Amino acid sequence: MDYSIPTVDLSPFFRENDEDGKKKAIEVIREACSTYGFFQIVNHGVPPTLLCRALELSKTFFGYSDEEKLKSSPGSGAPLPAGYSRQPLHSPDKNEYLLMFPPSSTFNVYPENPPEFKEVLEEVFSHLTKTCSLIESIVNECLDLPPNFLKEYNHDRSWDFMAALRYFPATEAENNGITEHEDGNCVTFVFQDQVGGLEVKKNDQWIPVTPAQDTIVVNLGDVIQVLSNNKLKSATHRVVRVKGKSRYSYAFFYNLQGDKWVEPLPQFSEDIGEPPKYRGFLYKEYQALRMRNKTHPPTKPEDVIHITHYATTT
C-alpha cells in the first residue's frame, strides 16, 4: 500500500509542445483526485524565494505582542473576517491567523509591520491565483468537461482568500491543530515550514505530508465533489501540532462567489442515469454554516456541518 501523496511536476504546462508531459501530469492528478483529493506540485510558477519570504515575514508578525497584532483586527461586512484573528479559547483548533481577500478587495486589513509584509502577501496571492487557475483547467480536463467550463462557472475571483497561520506548540494534554475536515471551496493550496503536521486521510489511514522545499500541497474541496457527483473527492485532512515548536503555513482558497448555485452537473447525474447525490444550495449559505462551526464550535463532533448536510438520502 502506498502511504505517500503524489508529486506532480507542472513544468510541461509552462513549456510549448510538451503534450506528453502534460498528459502524464493530468493522469496522476486524475487518479489522486478520484481517490482521495490530494497531491503536491513542483515547478508551479511561484518563485520559491517568495514563498520563503512570506513564511519569514509571517513568523515575524506572529511574534509581535497581542497589542500589536490586534491593530489589524477585522472590520465588519466581509464574508469572512479579513485581518488578524485567533481561534476562540473553547475551539478545538489551536491557531492564530491573518486572512486576506484579493489585493483589490476593500475588506483587507493589513498589518503595518513588518513593513514589506503587505507587498509580499499581495504578490503571493497574485501568483497563487494564476497557478490555481491552471489547476482548475486540469481538473476541468480530468472531468472531461467542455473547455473552460469551470473557468466560466467560477469566473468571479472576489471570494478567494488566503490565510497566514501559526499553530501553537502541542501541550502534554493535547496536540490538535485543526480537526479532521474537508474544505468547502473548489481548490486549496498549502505551503508550510519544515515543522510539518499536515496529515491526509487515504484508505482510512492518516498520512503525514512531509514538508518539502518549494512544494505546494493541493487539495480539492466540496464544490468540486458536488459538481462531479462524487466522481472527484474533497480531501479529508487535519493538522497535528508538534511539541516545543510553532508551525507556520499559508493556505490559499480558490473559492466560489457566494451567490453561485452548487449542484451535481447533469453530465454526472441525470445525463448518465445517476441520481444526484446532493441537493442544490447557495454557496454563501454553506459558507455561513461552516463559519458557524468555527465561531460556535458544537459540543458534539457529529453536529459539525459538513457537505453531507446537503446529501440526498437514496
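Since this is a predicted model, take the numbers as computed values, not measurements.
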Side-chain donor/acceptor of N108 to backbone N/O of P102, under 3.5 Å: yes
Sequence-distant partners of F101, ring-ring contact (aromatic ring centres under 6.0 Å, His included), two or more places apart: F107
Derivation and outcome, side chain to side chain donor-acceptor pair (under 3.5 Å), residues Q40 and T7: CA-CA 5 Å; Q40 304 177 93; T7 298; 3.3 Å; yes
Side chain proximity check, F268 to N230, heavy atoms < 4.5 angstrom: no
Within-4.5 Å side-chain heavy-atom neighbours: W206 and R238: yes
Donor-acceptor contact present, side-chain Y167 to main-chain K94, <3.5 Å: no
All N/O donor-acceptor pairs, side-chain side in residues 117-128, below 3.5 Å, sequence neighbours left out:
residue	atom	partner	partner atom	Å
E122	OE2	Y110	OH	2.9
S126	OG	E122	O	3.0

Min side-chain heavy-atom separation M162-L99 under 4.5 Å: no
Candidates V223, V218, N255 - the one meeting side chain to side chain contact (heavy atoms under 4.5 Å, CB included) with V187: V218
Residues R30 and E141 bridged, charged N to O under 4.0 Å: no
Steps toward side-chain contact (heavy atoms from CB on, under 4.5 Å) verdict (T131, F189): CA-CA 9 Å; T131 305; F189 282 172; 3.8 Å; yes
Exam field: side chain T215 to backbone Q213, donor-acceptor pair closer than 3.5 Å: yes
Test applied, side chain to side chain contact (heavy atoms under 4.5 Å, CB included); reference residue, R247; option that passes from V240, V239, L165, V242: V239
Pairwise distance SG(C142) to CG(L232) - rounded to 0.5 angstrom: 6.5 Å
Minimum heavy-atom distance S234-Q225, with the two atoms named: N-OE1, 2.7 Å
H155 side chain to Y153 backbone, donor-acceptor under 3.5 Å: no
Polar side-chain atom of K277 near backbone of E274 as donor-acceptor pair, under 3.5 Å: no
Salt-bridge present (D18, K22; N to O < 4.0 Å): no
L57 side, atom CG; N113 side, atom CG - distance, nearest 0.5 Å: 11.0 Å
Less than 3.5 Å apart, which donor and acceptor atoms pair up between the side chains of residues 74-89 and the rest of the protein, not counting sequence neighbours?
residue	atom	partner	partner atom	Å
Y84	OH	E96	OE1	2.4
Q87	NE2	N95	OD1	3.1

Contact list for residues 44-53, test side chain to side chain donor-acceptor pair (under 3.5 Å), sequence neighbours left out: R53-E56, R53-E116
R241 side chain to P169 backbone, donor-acceptor under 3.5 Å: yes
N229 (side chain) donor-acceptor with P275 (main chain) under 3.5 angstrom: yes
R279 atom CZ, over 12 foreign heavy atoms within 6.0 Å: yes
Transitive ILVMFWY side-chain link I135 to F38, under 4.5 Å: no
Same apolar cluster (I L V M F W Y, side chains within < 4.5 Å links), I178/L289: no
Contact summary for S246 and D193, nearest pair of heavy atoms: O-OD2, 4.1 Å
Same cluster (ILVMFWY, side-chain, under 4.5 Å), V190 and Y97: yes
Pairs where residues 206-229 contributes a residue and the test salt bridge (Lys or Arg N to Asp or Glu O under 4.0 Å) is met, not counting sequence neighbours: D222-R290
Spacing of OG belonging to S249 relative to CG belonging to L55, to within rounding of 0.5 Å: 8.0 Å
Salt bridge flag under 4.0 Å for residues D160 and R157: yes
Shortest non-hydrogen separation from P114 to F61 and the atoms involved: CD-CB, 4.0 Å
Intermediate values then yes/no, side-chain contact (heavy atoms from CB on, under 4.5 Å), I5 and Y36: CA-CA 10 Å; I5 69 168; Y36 53 95; 4.0 Å; yes
Shared hydrophobic cluster for I41 and L198 (ILVMFWY, side-chain gaps under 4.5 Å): no
Closest non-hydrogen atom pair between E263 and G280, with its separation: CB-CA, 3.7 Å
Nearest heavy atoms of P6 and V28, plus distance in Å: CB-CG1, 3.7 Å
Worked check of side-chain contact (heavy atoms from CB on, under 4.5 Å) between E136 and N154: CA-CA 10 Å; E136 181 183 60; N154 182 22; 3.2 Å; yes
Validation row: E172, K243 side chains within 4.5 angstrom (heavy atoms): yes
SB check K201 E180 (cutoff 4.0 Å): yes
From NZ (K71) to OG (S73), nearest 0.5 Å: 11.5 Å
Gap separating the CD1 atom of I216 from the CG atom of L51, nearest 0.5 angstrom: 5.5 Å
Non-neighbouring partners of F39 that pass ring-ring contact (aromatic ring centres under 6.0 Å, His included), sequence neighbours left out: none
Over 12 non-hydrogen atoms of neighbours within 6.0 angstrom of CD in E112: no
Closest contact, heavy atoms only, A54 versus Y250: O-OH, 2.6 Å
Under 3.5 Å: donor-acceptor pair, side chain of N185, backbone of F253: no
side-chain hydrogen bond (donor to acceptor under 3.5 Å, both in side chains), paired with E182, selected from N219, T236, T308: T236
Geometric class of the Y283/Y286 ring pair [parallel <30°, tilted 30-60°, perpendicular >60°]: perpendicular
Co-membership, hydrophobic cluster, residues V217 and Y248, 4.5 Å side-chain: no
Working for side-chain contact (heavy atoms from CB on, under 4.5 Å), residues L145 and L265: CA-CA 10 Å; L145 288 166; L265 296 169; 3.9 Å; yes
Within-4.5 Å side-chain heavy-atom neighbours: L220 and V139: yes
Output field: ring centroids Y310/Y278 closer than 6.0 Å: no
Carboxylate-amine/guanidinium proximity below 4.0 Å for K284 and D259: yes
Nearest-0.5 Å distance, CG of residue L150 to CD1 of residue I224: 5.0 Å
Lys NZ or Arg CZ of K69 over F62 ring: under 6.0 Å, within 45°: no
Test item: S58 and L98 side chains (from C-beta on) under 4.5 Å apart, heavy atoms: no
